[in-house]
2 protein chains.
Amino acid sequence: MNIPKLYIYGVSPIIPHLPMPRIKSFDETETLEKAMELFWKKGYHSTSVQDLVDHLGINRASLYDTYKGKKDLFMRAFENYKDSTKNAYFELLYAQPNVMEGFRKLFEHVVRENTDRRGCFLVNITTELVPEDSEMKAMLRENQIQFEKLFFDYLKSGEVMGEIARGKDLKAFANLLFTLYNGVQVISKIESAPSRQLAAVEVVLQHLED
Amino acid sequence: MNIPKLYIYGVSPIIPHLPMPRIKSFDETETLEKAMELFWKKGYHSTSVQDLVDHLGINRASLYDTYKGKKDLFMRAFENYKDSTKNAYFELLYAQPNVMEGFRKLFEHVVRENTDRRGCFLVNITTELVPEDSEMKAMLRENQIQFEKLFFDYLKSGEVMGEIARGKDLKAFANLLFTLYNGVQVISKIESAPSRQLAAVEVVLQHLED
DNA sequence: ATAGTTTTGGAATATTCATTCCAAAACTTA
DNA sequence: TAAGTTTTGGAATGAATATTCCAAAACTAT
C-alpha cells in the first residue's frame with residue numbers, strides 16, 4: 001500500500017516542526033544513463049541485477065526502492081535514450097545547409113560514432129525483445145512513426161527549397177531512409193570499414209538529386 | 001578422453017561376432033531444425049535447455065551426448081540456417097527473368113514470409129551476440145562477404161545483359177542491398193504493412209534502371 | 001535368448017538469477 | 001543534540017539456470 005507523503009523535502013506546510021528524512025545520495029538521471037550504457041552494451045537478458053549494482057555504484061536495495069525492479073529500470077533507461085536520440089538527430093539535421101548534407105552527416109555520425117560495435121540501443125532491443133514483449137513493440141512502433149515523420153518533414157522542407165527533384169514519393173523515401181538507418185546499425189556491428197558503409201548510403205542520397 | 005570406436009554400426013570388420021549398440025531414435029538434422037526454430041523465435045539467451053528438451057522431444061542426456069551443450073547446439077543450428085538460406089536466395093534470384101525482378105522477389109519474400117515477426121535469425125543473432133561473442137562475429141562477417149558476393153555477381157550478370165545502366169558502382173550497390181536487407185528484417189518486426197516496406201525497397205530498385 | 005553397448009528418464013548438483021528483508025547508518029530539521 | 005524517516009550494506013530466499021550422473025531400458029548381431 002502507498003501511504004501518501006504529507007510533506008516535501010525541505011517544506012513542511014501541513015505539520016510544522018517535522019524532522020526531514022535523509023535524501024538520496026545519487027542522481028537518478030545520472031544513474032539511469034549508466035544503466036542505459038550497460039543495457040546497450042550487453043542487451044537486456046545478459047545484464048543481471050548484479051551487473052547493474054556493480055556498474056551503477058548504488059545499492060541493490062536502492063535500485064529496487066527507486067526503480068521498482070530490473071524491467072522498470074530498463075524501460076525508464078530506454079525511454080531516456082529514445083527521447084535524447086530523437087532530439088539530437090533533429091538538431092543535427094536542421095543544422096546542415098541542405099537536406100542531402102543533413103542525411104549524409106546523420107549517417108556519418110552513425111558510422112563513425114560506432115567504435116565499440118554497440119550498434120544502436122533501439123535496434124538491438126527491437127531484435128532482442130520483439131515479438132515476445134508487446135509493450136516494447138508498441139514503444140518501438142511509436143518511435144518508428146516519430147522518426148519517419150522527422151525524416152519526411154525534413155525531406156519536405158528540402159523539396160520546398162528546391163533541393164530535391166519534384167514528384168518524388170517522400171513518404172516512401174522517408175521510410176527507406178529509416179530502414180537504411182536500421183540496416184547500417186546492424187552492419188556496423190560486423191563491418192569494419194566505415195567508408196564502405198558510407199559509399200552504400202551515398203548511392204541512395206545521390207538519388208535525391210536526380 | 002576419447003576412445004576411438006573399433007567398429008561402425010552394422011559393420012564389424014575388426015572383431016567379428018560383436019554385438020551392435022542401440023542406434024539413435026531421432027534424426028539429428030531434424031532435431032537441429034527444431035532447435036533453430038526455437039532459437040530463432042526466442043533468441044539465444046532466452047532459450048533455456050529445458051525449453052530445448054521440451055521442444056525437441058529428446059532427452060536432456062541425449063542432447064548433451066549428441067551436441068555437447070547449449071552453445072554447440074546453437075552453433076550447429078545456426079550454421080545449418082546460414083547455408084540453407086544462402087542457397088535458397090541463390091536459386092530464387094537466378095530463377096527470375098532479370099535482375100530487378102530478382103531483387104524485387106527477394107524482398108517480397110522477406111516481407112511476406114515474416115508473418116510472426118520473427119525477423120531474420122542471422123540479424124537477430126547479430127544484434128544479440130555481437131560484440132560479446134567474437135566467434136559469432138567472425139561467422140557473421142564471413143556470411144556478409146558471401147552475401148555481398150552473391151549480390152554483386154548477380155548485379156554484374158545484369159550489367160552484362162544490359163539490364164542495368166553502365167558505370168554504376170556495383171560493389172557499393174551490392175553493399176547497399178545487403179544493408180537494406182538487414183534494415184527490412186529489423187523493421188518487419190514492428191511494421192505491419194508489407195506494402196509500405198516494399199514501396200521503400202522499390203525506390204532503390206528503380207535506381208538500377210536510370 | 002544373450003551379450004555388449006548406447007540411449008533414455010529423471011534425479012542430483014552447483015551456479016546464477018531477481019527479489020525481499022532487516023538492522024544499522026545517515027541525514028534533515030528543529 | 002535528538003527525533004523521525006530514508007538509505008544503505010549485505011545476508012537470505014527461492015526460482016531458474018546449465019550441466020552431470022547413473023541405473024534401467026532398448027537395440028543389434030549373433
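The sequence lines fix the lettering, A, B, ..., with proteins before strands; numbering per chain opens at 1.
- When distances run from any side-chain atom of A:V49 to the nucleotides D:dT7, D:dT8, C:dA18, the shortest one goes to C:dA18.
- Atom CZ of B:R60 is separated from atom C1' of D:dC21 by 12 Å (rounded to the nearest Å).
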Verify side chain to side chain donor-acceptor pair (under 3.5 Å) between A:S84 and A:N87, making sure each step is shown before the conclusion.
CA-CA 5 Å; A:S84 61; A:N87 290 337; over 6 Å; no
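- Taking atom OH of residue A:Y67 and atom P of nucleotide C:dA18, one finds them 17 Å apart after rounding to whole Å.
- One can place CG of A:N59 at 13 Å from C1' of C:dT19, the figure rounded to the nearest angstrom.
- Rounded to whole angstrom, the span from the NZ atom of A:K42 across to the C1' atom of C:dC17 amounts to 13 Å.
- Under the 6.0 Å distance and 45° angle rule, A:K70 counts as a cation-pi partner of A:Y44.
- We find that CD of A:E28 is positioned 15 Å from P of D:dT6, with the value rounded to whole Å.
- Not one side-chain nitrogen or oxygen of B:S62 sits closer than 4.0 Å to the OP1 or OP2 atom of C:dT7.
- Cation-pi contact between B:K171 and B:F152: present, with separation from the ring centre below 6.0 Å and deviation from the ring axis of at most 45°.
- Under the 6.0 Å cut-off for aromatic ring centres, B:Y154 and B:F103 qualify, their centroids lying closer than that.
- B:V203 pairs with exactly one of A:N175, A:T179, A:V204, A:L176 by the side-chain contact (heavy atoms from CB on, under 4.5 Å) rule, that one being A:L176.
- The CD-C1' distance, from A:Q50 to D:dG9, rounds to 12 Å in whole Å.
- Separating the NZ atom of B:K70 from the C1' atom of C:dT16 is a distance of 13 Å, rounded to the nearest angstrom.
- For A:S48, counting side-chain heavy atoms from C-beta on, the closest listed nucleotide (C:dC17, D:dT8, D:dA18) is C:dC17.
- For A:Y64, taking side-chain heavy atoms from C-beta onward, the closest of the listed nucleotides D:dT7, C:dA18, C:dT7 is C:dA18.
- Backbone-only engagement by A:T47 is indicated by non-hydrogen atom pairs under 4.0 Å involving sugar-phosphate atoms exclusively.
- If you find the closest nucleotide of DNA chain C to A:A61 and to A:D51, the one lying nearer the 5' end belongs to A:D51.
- Going from atom NZ of B:K71 over to atom C1' of D:dT19 covers 16 Å, rounded to whole Å.
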